[in-house]
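Working notes, beginning with the structure itself.
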Number of protein chains: 2
Amino acid sequence: MTQPLPHRHSPSIKDVAERAGASTTTVSRVLSHPEAVRPDLRQRVQQAIDELGYRPNLAARRLRQQRASLIGLIVSDIRNPFFTEISRAVEDIAYRHGLRLILCNSDEDPAKEQSYLELMADEQASGVILSPTLELTRRFRAGQHPFPVVMVDRAPESSTPSDLVLLDNAPAARRLTEHLIAQGCRRIALLAGSRSSTGRERQAGYEAAMREAGLVPQVVALRPLAAEGQAAAAALLAQAERPDALLATNGLLLLGAWKAVREAGLAMPADVAVAGFDNNDWTTLPEPAVTVMAQPTADIGRTAAELLLQRMAEPGRPPRRIVLEGELLVRGSSAFRPPAAAPARPLHPAASAA
Amino acid sequence: MTQPLPHRHSPSIKDVAERAGASTTTVSRVLSHPEAVRPDLRQRVQQAIDELGYRPNLAARRLRQQRASLIGLIVSDIRNPFFTEISRAVEDIAYRHGLRLILCNSDEDPAKEQSYLELMADEQASGVILSPTLELTRRFRAGQHPFPVVMVDRAPESSTPSDLVLLDNAPAARRLTEHLIAQGCRRIALLAGSRSSTGRERQAGYEAAMREAGLVPQVVALRPLAAEGQAAAAALLAQAERPDALLATNGLLLLGAWKAVREAGLAMPADVAVAGFDNNDWTTLPEPAVTVMAQPTADIGRTAAELLLQRMAEPGRPPRRIVLEGELLVRGSSAFRPPAAAPARPLHPAASAA
DNA sequence: TTGAAAGCGTTACCAA
DNA sequence: TTGGTAACGCTTTCAA
């Protein structure tokens with residue numbers, strides 16, 4: 001190992017070429033297609049590179065190639081553990097493929113989201129993974145951006161304008177709802193994230209299950225923040241005829257709902273059952289623990305990254321919609337003891353299927 | 001609003017110049033020093049920019065300027081809510097200043113950290129905010145990198161080779177320890193993060209407090225992960241003479257410790273008191289809630305970003321070490337009832353100061 | 001106040 | 001297999 005020689009500026013490909021007695025073209029080739037250069041020359045060039053501590057100038061490379069080996073990840077709330085896990089999985093794969101990752105936080109703000117998409121275009125990103133706001137899922141058109149897009153967690157309901165990785169939202173919400181109904185709950189209120197397609201789909205699944213059981217849906221649409229969930233849940237619990245179950249469409253709202261129940265001094269599940277999406281760490285800490293629909297977060301992130309890599313390799317491939325299943329984890333917050341508690345009121349016939 | 005005209009490639013400054021009947025120089029000036037261009041011409045240029053939907057090519061700009069308006073944030077564990085909060089604060093300020101932010105996750109791995117620092121050099125970043133591994137805090141030298149560095153959460157103990165934003169670690173750990181001692185705890189075991197200067201400093205504060213109280217420190221050094229904390233705590237609790245208090249130097253280890261106590265079926269604080277760093281959300285959920293030293297995370301992130309901006313504006317300024325204070329939040333996991341429980345054994349005289 | 005032209009470091013074309 | 005050279009799009013002298 002030789003020390004890098006001192007340089008006023010960091011060495012360029014020209015310096016390497018001079019020192020190796022070769023042309024810049026050859027140096028460039030050694031960097032990108034080493035097999036196209038004869039071994040002895042290649043080695044001389046490589047040695048010059050090492051001795052000078054040469055590192056290619058990315059700006060020059062990008063200017064020339066009109067493309068950066070860089071991908072973007074735009075999440076809607078970095079503080080939501082769901083997205084943190086996804087970030088981690090994506091970052092892991094990007095790092096292993098030598099791709100830079102720019103992580104952006106849109107904060108559920110369409111303007112910020114738009115600004116970050118423009119940033120990605122300006123940076124000539126090779127691809128973007130995105131959990132879009134509701135506005136964007138509606139506005140989004142294939143080929144609208146100068147890079148391929150993979151949507152995670154959220155997507156247009158009918159069309160598939162880009163690769164997608166999603167939970168099976170409506171059925172998952174339905175399963176949660178049916179579980180609560182089977183436990184004897186009748187007045188099940190939903191705290192639904194209003195900013196995303198995902199919140200909407202989960203709401204639809206809930207409503208379908210309620211209707212089939214002959215029960216009346218009660219939905220509160222909210223920004224997906226714990227504080228909002230807590231306030232809304234507190235209001236619901238203060239009603240004369242309060243809900244006997246609270247269901248939340250994401251982990252933050254679920255946390256808020258849980259806190260509201262505790263603040264109200266109510267017992268879970270005897271007074272109010274509680275359940276929701278996202279198997280976050282905290283859900284197993286209280287006694288009783290909280291029933292959740294666990295999402296395969298690492299899988300979602302990994303799949304999205306792999307989908308993006310595949311599309312970068314083969315841009316023409318038709319977009320794929322990958323739907324993953326959640327896992328219902330029944331815990332104390334919704335499990336009545338004795339297990340088979342008799343329903344308070346007779347069930348609507350359709351509910352017996354639940 | 002006119003539609004951007006169709007273009008094979010995105011329009012360049014040359015296209016704008018032609019359309020406005022001006023030179024590329026003038027267009028460039030309109031972009032960076034508009035006041036140096038006469039109003040009527042400036043307006044004509046601006047109109048051409050708008051009509052073409054022109055966006056400057058960042059690669060070309062960087063190649064020319066040898067500098068990117070982009071900063072890096074390298075955290076050691078993105079899943080630790082402490083760093084998530086910091087990321088959010090930094091991202092917020094970067095966004096408001098029109099600076100791109102690249103967020104990287106070193107995973108406590110010095111090799112990955114090094115690789116990301118090289119990435120930042122390659123990207124010609126204007127500055128980097130970093131929570132360094134222990135290895136880096138030892139190796140770091142001022143002026144080693146082609147960009148200014150601000151360290152957060154961790155730092156060399158004695159020197160100040162860069163701007164720093166830190167918690168007052170040793171005193172904070174001392175306060176926590178003294179609190180436990182005042183509650184009557186005697187066999188206080190510490191779960192210490194071994195990978196960071198911060199873990200070391202907190203360990204030192206704990207040891208000082210223990211020694212002063214005439215108590216024997218018991219330290220387990222660990223990688224800062226919940227699973228490690230849980231395993232280590234379980235082992236401690238299985239001992240013949242088990243600890244009567246568990247203290248953890250970060251939020252992840254604290255979570256692990258808490259889980260181990262519960263798994264062991266022990267009562268908090270009667271059998272074992274539990275306390276630690278980081279006022280994470282989950283700490284208020286269990287009954288009893290968990291005593292913590294709250295860190296001003298948003299402040300830390302904001303301060304680091306502001307420090308970096310200041311240094312980018314004025315590179316010559318001597319580095320500053322900003323030390324913030326934590327807030328001790330005493331909760332049930334360490335609060336014995338009745339409040340003033342008599343110590344099991346007489347205290348060492350020095351402890352009366354606690 | 002404006003413009004011409006050089007040059008940032010790289011890659012890709014084409015010729016040898 | 002190798003090298004000369006133009007071009008990527010921008011900013012920055014320098015001169016007018």
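Every chain is numbered from 1 and lettered A, B, ... according to where its sequence line falls, protein lines coming before strand lines. Small disclaimer: the values here were computed from a predicted structure and weren't measured.
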(message) With a strict under 4.0 Å distance from non-hydrogen atoms of chain A, what nucleotide opens and what nucleotide closes the contacted stretch of DNA chain D, reading 5' to 3'?
(response) dT1(D) to dG9(D)

(request) For residues G72(A) and L101(A), report the shortest heavy-atom separation together with the two atoms involved. (result) C-CD2, 4.0 Å

(request) Indicate for each nucleotide in nucleotides 9-16 of chain C, in 5' to 3' sequence, whether protein heavy atoms under 4.0 Å reach the base (B), only the sugar-phosphate (S), or nothing (-). (result) BBBBB---

Sequence-distant partners of [X], side chain to side chain donor-acceptor pair (under 3.5 Å), two or more places apart:
X: R139(A); value: Q114(A)
X: N80(B); value: none
X: N105(B); value: none
X: R42(B); value: none

(request) Can you sort out the partners of E91(A) under salt bridge (Lys or Arg N to Asp or Glu O under 4.0 Å), two or more places apart, ordered by chain and number? (result) K112(B)

(request) List in chain and number order the residues that pass salt bridge (Lys or Arg N to Asp or Glu O under 4.0 Å) with E35(A), two or more places apart in sequence or in another chain; answer none if no residue qualifies. (result) none

Residues forming a ring-ring contact (aromatic ring centres under 6.0 Å, His included) with [X], sequence neighbours excluded:
X: Y54(A); answer: none
X: F83(B); answer: none
X: F147(A); answer: H145(A)

(request) Verify the contact: side-chain N or O of T26(B) to OP1 or OP2 of dG3(C), cut-off strictly under 4.0 Å; return yes or no. (result) yes

(request) Rounding to 10 degrees, work out the angle separating the end axes of the helix from dT1(C)-dA16(D) to dA16(C)-dT1(D) (five pairs an end). (result) 30°

(request) Measure from CD on E18(B) to P on dG3(C) and round the result to the nearest Å. (result) 13 Å

